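Written below as structure tokens is the structure these notes are about.
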Amino acid sequence: MNGIVFDIKRYAVHDGPGIRTTIFMKGCPLRCLWCHNPESFSLQIEEFDQAKRLGEKLVQEKIQIGKQYSVKGLVKEIEKDQLFFDESGGGLTFSGGEPLLQIDFLAAMLRECKAMDFHTVVDTSGFAPKEHLERIIENVDLFLFDVKQMDDEEHKKLTGISNKLVLENLAYLIDQKKNLIIRYPMIPGYNDSHKNIMKMIKFLTDLTYQSEIHILPYHRMGKDKYERFNKENNMPDIPSLNEEDTLWAKEIFEKAGFQVNIGG
Ligand code: SF4
């Protein structure tokens, strides 16, 4: 059983409780305009040319994005971090890309993690067959679940997919009473209308979800990666949001009874 991972981030503090190791799995069926990990799009291991400075000279080198791991191999990697997990109440976060795309590997990894008593988080766009969630649900302690845009036509324009399955899966997890945190990437001019926020609140409260929402303010940090990794960038050059720019939305969510964080 092998999986393709494009990054492993240690000592992560924004991807769930405590100090965590975040596994970034390659492959994503969405194409969010604002995505800052375009190197995650393809499920394949890829090679890119990159300029590197050697003294006065610029030389070209090949870099590989994505590495194949066996379940055993990846477990060996993460075991090194157990001390930090134990001391901080942290654990493993599976992110991407879309981790549910490599469901067999993800399910096997989550089983191993639970056997070792690690706290597990899955950070997902929610775009996957419901059966994928059913396969992993008992081994996931917390889902970080993106809600981007409630209007389906707008959602298609922004991400390339319908939000129907995403919202059905969200309803399923709420119905199962899973621990989950909604993540709302706030993109100025694209999904930050009062109408979208109110629709989100209605959808969640109708499902009796009234717990945590994390607002993720738009930033341009991944911009240069599109050129570096030869990916088409369709996001206009708009400025990043500061925390203060999102306070009005925070207030609306809070008034509706949610606990709101800005950032992860
Ligand atoms: S779901 Fe995440 S990884 Fe996939 S395109 Fe959107 S922002 Fe990027």
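These numbers come from a predicted model, not from an experiment. Numbering of residues begins at 1 and proceeds along the displayed sequence. All ligand and atom numbering here is 1-based and tracks the order in the structure.
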Q: May I ask whether atom 3 (S) of ligand 1 is less than 4.0 Å from at least one protein heavy atom?
A: yes

(Q) Can you list everything that forms a salt bridge (charged side-chain N to carboxylate O under 4.0 Å, His left out) with K62? Sequence neighbours excluded, please. (A) D49

Q: Starting from the C-alpha separation in whole Å, work towards a yes-or-no answer on salt bridge (Lys or Arg N to Asp or Glu O under 4.0 Å) for R135 and D104.
A: CA-CA 9 Å; R135 274 182 68 184; D104 293 335; 2.9 Å; yes

Q | Closer than 2.8 Å to atom 4 (Fe) of ligand 1 - protein N, O or S atoms, ordered by chain and residue number | A | C28 SG

Q) Should the pair E77-R10 be classified as a salt bridge under the 4.0 Å nitrogen-to-oxygen rule? A) yes

Q: Compute whether any side-chain donor of one residue and acceptor of the other, for S162 and D152, lie under 3.5 angstrom apart.
A: yes

Q.
Salt bridge or not between R20 and D81? Use side-chain N to carboxylate O under 4.0 Å.
A. no

Q: Please name the residue in the list T120, I136, V121, N169 that meets the side chain to side chain contact (heavy atoms under 4.5 Å, CB included) test with F143.
A: I136

